[in-house]
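These notes are about the structure you will find just below.
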Protein chains: 2
Amino acid sequence: MSTAPDRYVQLLAQHSLRNTAMRRAVLELLSRTPFALSSHDIEQELGPGVDRITLYRTLKSFEEKGLIHRVPENSDVSKYAACSIECSQHAHFDNHVHFKCTNCQHVYCLNQVSIPVVTLPAKFEAITRDYLLAGVCRECQPA
Amino acid sequence: MSTAPDRYVQLLAQHSLRNTAMRRAVLELLSRTPFALSSHDIEQELGPGVDRITLYRTLKSFEEKGLIHRVPENSDVSKYAACSIECSQHAHFDNHVHFKCTNCQHVYCLNQVSIPVVTLPAKFEAITRDYLLAGVCRECQPA
DNA sequence: ACGTAAATGCATCAATGTTTCAAATACAGA
DNA sequence: TCTGTATTTGAAACATTGATGCATTTACGT
Ligand SMILES: [Mn+2]
Ligand SMILES: [Mn+2]
Ligand SMILES: [Zn+2]
Ligand SMILES: [Zn+2]
């Protein structure tokens, strides 16, 4: 009756994170959900058992280790999504555009659409880029 | 000894906002500063007299009326910058790129650089776009 | 199976922002 | 210029997000 060596246990090990119930649950939830989730969303989804502080710490270490990335939501609440497989502690490779639906409020990672490069004024050196669109998503289009 | 009919009084009137001390002060500060300021920054700059709650409300109405725009800082604090002259309550026209310096933490509006358009997957309809770069700014470049 | 470093759970604290309501004030109209 | 009224302000209370310190528990290398 040992725990099946599932995908998430492996992912945690690969990123030097210990295998705990909370971590497995959060990782599973974010991998399964097709849009970004806030800390509050995750708390709701995981049910009443979860400790808010532990969840914050989980999200923080996941972000540091390259398991998830924070979506540049321009509101006051952070939302998180699973990273592409090649992200690590040392470098994030989530160079895709994000899309926030003004109707359902969901934020999608558009992994197919990469962020275009712009020419900057002299002496500005860019290292990271974020591109956030807002509008109406696929699900919310009027017939 | 009447108040000189200055630029800010005019701007307020044009956007259907009453002429108050707080509003003049905030508008003047944001117009004069070459990078975006947080609510906290503004509080510091304006000195100990300012009421925090009134300031929040000032920023909120300025944003609604199209006098300032919120910069999509991916951290937990909102920063504000003066809008281009043609913004109004009904439409913002700040289609420029923003740049956050990882050294001095300042966020600049790069008004010269407009946001490139991307091709979205079917059925996604974009209405607004935000593009935030991070890196080293002009002032912080090593010699 | 053990020892230890890491993670958890809980209390406490801090920052940001909203709401409610009475008092003050800007400004349109007389 | 005076006056009435809708807007704005200032203060207290509240809500939410998140960090920190510390004792206890747990995961995992040996
Ligand atoms: Mn993403
Ligand atoms: Mn700007
Ligand atoms: Zn939608
Ligand atoms: Zn700088």
Side-chain angles (χ1 to χ4, degrees), chain A residues 2-3 5-6 8-27 36-65 67-68 70-80 89 105, chain B residues 1-6 8-27 36-65 67-68 70-80 89 105:
Chain A
S2 65
T3 306
D6 68 3
Y8 306 112
V9 177
Q10 232 180 296
L11 262 177
L12 289 171
Q14 283 165 11
H15 291 80
S16 319
L17 286 167
R18 291 189 173 184
N19 171 19
T20 73
M22 164 106 284
R23 285 172 177 176
R24 264 176 282 129
V26 172
L27 197 48
L37 296 176
S38 69
S39 177
H40 181 260
D41 294 337
I42 298 174
E43 215 176 324
Q44 296 300 311
E45 288 291 328
L46 297 188
V50 306
D51 183 66
R52 204 170 53 92
I53 288 84
T54 304
L55 176 54
Y56 282 131
R57 280 190 287 224
T58 297
L59 293 171
K60 199 174 194 184
S61 42
F62 277 13
E63 195 183 7
E64 283 168 9
K65 296 296 171 83
L67 273 167
I68 64 178
R70 194 190 300 242
V71 171
E73 245 266 71
N74 49 3
S75 91
D76 43 2
V77 42
S78 294
K79 294 196 176 188
Y80 300 87
Q89 168 144 32
Q105 308 297 323
Chain B
M1 209 192 267
S2 65
T3 305
D6 64 5
Y8 305 113
V9 178
Q10 233 180 296
L11 261 178
L12 288 172
Q14 282 166 12
H15 290 81
S16 320
L17 287 166
R18 291 191 173 182
N19 171 19
T20 71
M22 164 105 283
R23 285 171 177 176
R24 265 176 281 125
V26 172
L27 197 48
L37 297 176
S38 68
S39 175
H40 182 260
D41 294 337
I42 297 173
E43 215 177 325
Q44 296 300 311
E45 289 292 327
L46 297 189
V50 306
D51 182 66
R52 204 169 53 91
I53 289 86
T54 303
L55 176 54
Y56 283 130
R57 280 189 287 226
T58 297
L59 294 171
K60 200 173 194 183
S61 41
F62 277 13
E63 194 184 8
E64 283 168 9
K65 296 296 171 82
L67 274 167
I68 64 178
R70 192 191 298 243
V71 172
E73 246 264 71
N74 49 4
S75 91
D76 43 4
V77 42
S78 294
K79 294 197 173 185
Y80 300 86
Q89 169 147 30
Q105 307 298 321

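Excluded from the calculations below are hydrogen atoms, water molecules and symmetry mates; all remaining heavy atoms, backbone and side chain alike, are included. In what follows, chains are A, B, ... by sequence order, proteins preceding strands, each numbered from 1.
End-to-end axis angle of the helix from C:dA1-D:dT30 to C:dA30-D:dT1, using five pairs per end and rounding to 10°, comes to 40°.
B:Q14 is linked by a side-chain contact (heavy atoms from CB on, under 4.5 Å) to B:Q10, B:L11, counting only residues two or more places apart in sequence or in another chain. For B:R23, the side-chain contact (heavy atoms from CB on, under 4.5 Å) test picks out B:L12, B:L17, B:R18, B:T20, B:T58, B:S61, B:F62, with sequence neighbours left out.
On the nucleic acid side, DNA chain C has its first and last nucleotide under 4.0 Å of a heavy atom of chain A at C:dA5 to C:dA11, going 5' to 3'.
If you measure from atom CD of B:E43 to atom P of D:dG10, you get 12 Å, rounded to the nearest angstrom. Per the geometry, CZ belonging to A:R18 stands 9 Å off P belonging to D:dA27, to the nearest Å. Whole-Å rounding puts the B:M22 CE to D:dT8 C1' distance at 12 Å.
Across all non-hydrogen atoms, the minimal contact from B:A36 to B:V71 is CB-CG2, 3.9 Å. The two residues B:V77 and B:S38 have their closest heavy-atom pair at CG2-CB, 3.6 Å. Closest non-hydrogen pair, B:S16 versus B:K65, comes out as O-NZ, 3.5 Å.
Side chains of B:L59 and B:I42 form a contact here, defined as non-hydrogen atoms less than 4.5 Å apart. In this structure the side chain of B:L27 reaches within 4.5 angstrom of the side chain of B:Y8, judged on heavy atoms.
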With sugar-phosphate taken as primed atoms, P, OP1 and OP2 and all else as base, the protein-contact string of nucleotides 13-23 of chain D at under 4.0 Å (heavy atoms; B, S, -) is ----BBBBB--
Show every donor-acceptor pair shorter than 3.5 Å between a side-chain atom in residues 45-56 of chain B and any protein atom, with sequence neighbours excluded, or say none if there are none.
residue: B:D51; atom: OD2; partner: B:I53; partner atom: N; Å: 3.4
residue: B:D51; atom: OD2; partner: B:T54; partner atom: N; Å: 3.0
residue: B:D51; atom: OD2; partner: B:T54; partner atom: OG1; Å: 2.9

Test B:R70 against B:K79 for side-chain contact (heavy atoms from CB on, under 4.5 Å), laying out the working first. CA-CA 6 Å; B:R70 192 191 298 243; B:K79 294 197 173 185; over 6 Å; no
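Separation of atoms OG (A:S78) and NZ (A:K60) is listed at 11.5 Å; rounding is to 0.5 Å.
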